[in-house]
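The next block holds one structure in the form of C-alpha cells; read it before the comments.
Per chain, numbering begins at 1; letters A, B, ... match sequence-line order. All figures in this text were calculated on a predicted structure; none of them were measured in a lab.
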Amino acid sequence: MKRRAPSDKSTTDEECDDSDEIAQNQDQDDNSSQATLSESDLAPAEGGGDHSGSGINNSTIKTALIPLNSPSLNQLATSLGLLITHSDIDVNDVIVKSECLPNKHKQQHAHPSVCHHWLRDSAAAGRILPIALYVLDDYNPNNSEDGSDDLPPNPQSKNACFRIHPLNSPNEHLVHALRILKQDRVARDERWNALAYSRAAAMVKSFPHRIRSKDDIRLQLSYDSNDTVHTKNIGEKKIRAKIEEYLNYGRISEAETIQNSASHKLYNALCSIQGIGPRRAYELSRTGASSLGELVERGSITQEDVTLAQHLELGIPRTEVSSIAGVVMENARTLLPHPTHAICGGYRRGKSESNDIDILITHHGYTLQQMNEFLANLARRLQDMGFLTKLMRQLSLSDGHSDKHDYQSTLLGVVASSSKYGTTDSAQVTFRRVDIIVCHPHSFHLEVLAWTGSVMYERDLRAFVKRRNLKLNASCVYDEHTNNEVDLSGIRSERHLLAFLHLPWIAPENRNCD
DNA sequence: TGGCAATAGA
DNA sequence: CGTAT
DNA sequence: GCCA
C-alpha cells in the first residue's frame, strides 16, 4: 500500500510493493475466476505468437512462480508448458519470467516479471494478453530491463521532469515564500510571472541541502562561463535578489507583506471554492467585501459552496484515500469482471495527506464505449448508495475518437466519507473530491504518468517531449504535424515509458515539484 | 523577443 | 474566456 | 519573470 523510501532497495520487497501500487484487483474474486479456467480456454491462443505488439508469446515463457494455494493456476501454467516454482514472496503474486523480448538487443538485462493476474486474465480472454499491465518490476534496479535503460536525473536541468523533488525540502521556508509571491502574481493576473515563480520554487525544492549562503548555492549549482552562480529558472535580477534577501535576513519582505494582507486571505478563501478561480476571486474581492460570510449574504456565493470548500480543504490521510478507493473498486467489480486500477495523484507521490483521490481504471477486452458505459453505471451505483453525493462533471467519449487523440473518460465528483462505517450522522461525514478515470489499456501507463503529477512535472514533461515535435497528453503521444499516434501498446511500465520518451526515471515520491 | 502543457466544458 | 484536470 |  505504502511505497517505501527510494533508498531502501530490497529486491523481493520491491516486487511486492509494485504489485500493490498498480493493483491488479484485490484477490477476493480469484476463486470464482479460477473456477472458470481450463486448458481449452486458452487453446485458441496457444502458439499464437506475437499479440498486440507486446513481443511476448507462449513459447518465450519459461517459468512461473505461483501461489501455493492456487491449483488451478498451477494447472494453467502447466498447460502452457511453464516451469513452475512456488513463490514465497507474496501468496497473491505469480511471477512469470519470459525470455528476452525479440526486439531487444541487450543480452544482459533480466526478464520482466508479471503478476499472476496476467495468467487469469489471459484465460478469461481466451488469448495471451500483452503483459503491459501486469509487469511488476518497475522499481527493481537489479531485475529490470527498464532500469538498465534509465537516464540519470539532471539536477541542473531547467525542466522539472529531469530533477529530483522530494516531498520535504530542507529549504521549505524559502520555497514557501516563493509560492506566496507566485500566488500574488496570479492574483494580479500576471500569469507568466506566476509561472516563473513556480519554476523558481521547484528549482529550490530540488536542492538536496539546506542553503544558508551563496557559497552553499555554489556547492549546489552550476556556473556559467564567468564563474558566477547560475541556476536555471532563477534569473539574475528579480528572483535572485529575493533569494539573496532571504539568505541575508531569513525572510522575503514582499512575501510577508502579501501574507499579512487581508485581501490576500479573502482571495485565497475564494479560490478554494469550486468554480471560482483567479478572475472571479479578483472581482469578488474588490467589491469591498471583507469576508466570505458577507459575500454569502449578498448572494454572490452560496453557503453550500463555502461549506463544501471547508470540507475539501482538509487533507485526506492515506488510509482514508485507500479505503475510499476500496469502496469505489468494490463497486466497480460488481459491474466489471477484472478491472486494473491505480491510485494516482498526491497519494502515489507519497504525500501523507492528499487533496483528492485519483483512481484510474482500465480493462482488457473492453471497448472504450463499454468502459464509458461502465463509468456511467458506476456513477449511478455510487450515487444510489449515497456515497457519491455530487457529480461535478462527467465527460463522455464521443464514439469515433478517430482523430480526437483521446482514449479516456473522466468523472469528477464528491463522496461522503465517514470514519465510522455505515454512519449517516452528518457530523461524522467529510466530503472528499474524487476523480475516477477510465482509459484504454494501451494508454494505462501514460495515464498513470499524467495523473500522478505534480503540475510542474507534467508541464515540463510535455514541454520537453514537444521539442521532438511530439505532443503528449494524458492518453496518447502523437506527431504534432502528421497527427500520427505513437504506438504505446508495447510499453510495459511507467518506467519503460519514461525511458522510451528519453526521460530519466524519477520515482513518484520525487515528483513533488509544486 | 516570442513562448511558456494540453485539453475539455460551460 | 474561466476554470478545471 | 526567465529562457533560448
Could you state the [atom1]-[atom2] distance from [X] to [N], rounded to the nearest angstrom?
X      : N      : atom1 : atom2 : value
A:L312 : C:dA4  : CG    : P     : 11 Å
A:I276 : C:dT3  : CD1   : C1'   : 11 Å
A:N473 : B:dA8  : CG    : P     : 8 Å
A:R240 : D:dC2  : CZ    : C1'   : 14 Å
A:M392 : B:dA10 : CE    : P     : 13 Å

Whole-angstrom distance between B:dC4 and C:dA4, as gauged at atom P
23 Å
Work out how far the P atom of D:dG1 is from that of B:dT7, and round it to whole angstrom.
30 Å
From the list [options], which nucleotide is the closest neighbour of the side chain of [X]?
X      : options             : answer
A:K238 : B:dA6, C:dT3, D:dG1 : D:dG1
A:K471 : D:dC3, B:dT7, B:dC4 : B:dT7
A:L412 : B:dA5, C:dT5, D:dA4 : C:dT5
A:R280 : C:dT3, B:dA6, D:dG1 : C:dT3

Under 4.0 angstrom, heavy atoms only, what part of the nucleic acid is [X] near: base, sugar-phosphate, or nothing?
X      : value
A:I273 : sugar-phosphate
A:L461 : nothing
A:D460 : nothing
A:Q274 : sugar-phosphate
A:F464 : nothing
A:R467 : nothing
A:L472 : sugar-phosphate
A:N233 : sugar-phosphate
A:R279 : sugar-phosphate

Which of these passes side chain to side chain contact (heavy atoms under 4.5 Å, CB included) with A:P317: A:T319, A:V321, A:L314?
A:T319
Examine the side chains of A:S417 and A:E320 and answer whether a donor and an acceptor come within less than 3.5 Å of each other.
yes
A:W192 ring over D:dC2 six-membered base ring, under 5.5 Å and 30°:
no
Looking only at heavy atoms, the pair that brings A:F431 and A:H311 closest together is N-CD2, 3.2 Å
Yes or no on side chain to side chain contact (heavy atoms under 4.5 Å, CB included) for A:V204 and A:T231, after CA distance, side-chain angles and deciding distance?
CA-CA 9 Å; A:V204 172; A:T231 308; over 6 Å; no
In terms of side-chain geometry, is the basic nitrogen of A:R462 or A:E480 positioned less than 4.0 Å from the acidic oxygen of its partner?
no
A:R348 bridged to A:D358 by N-O distance under 4.0 Å:
no
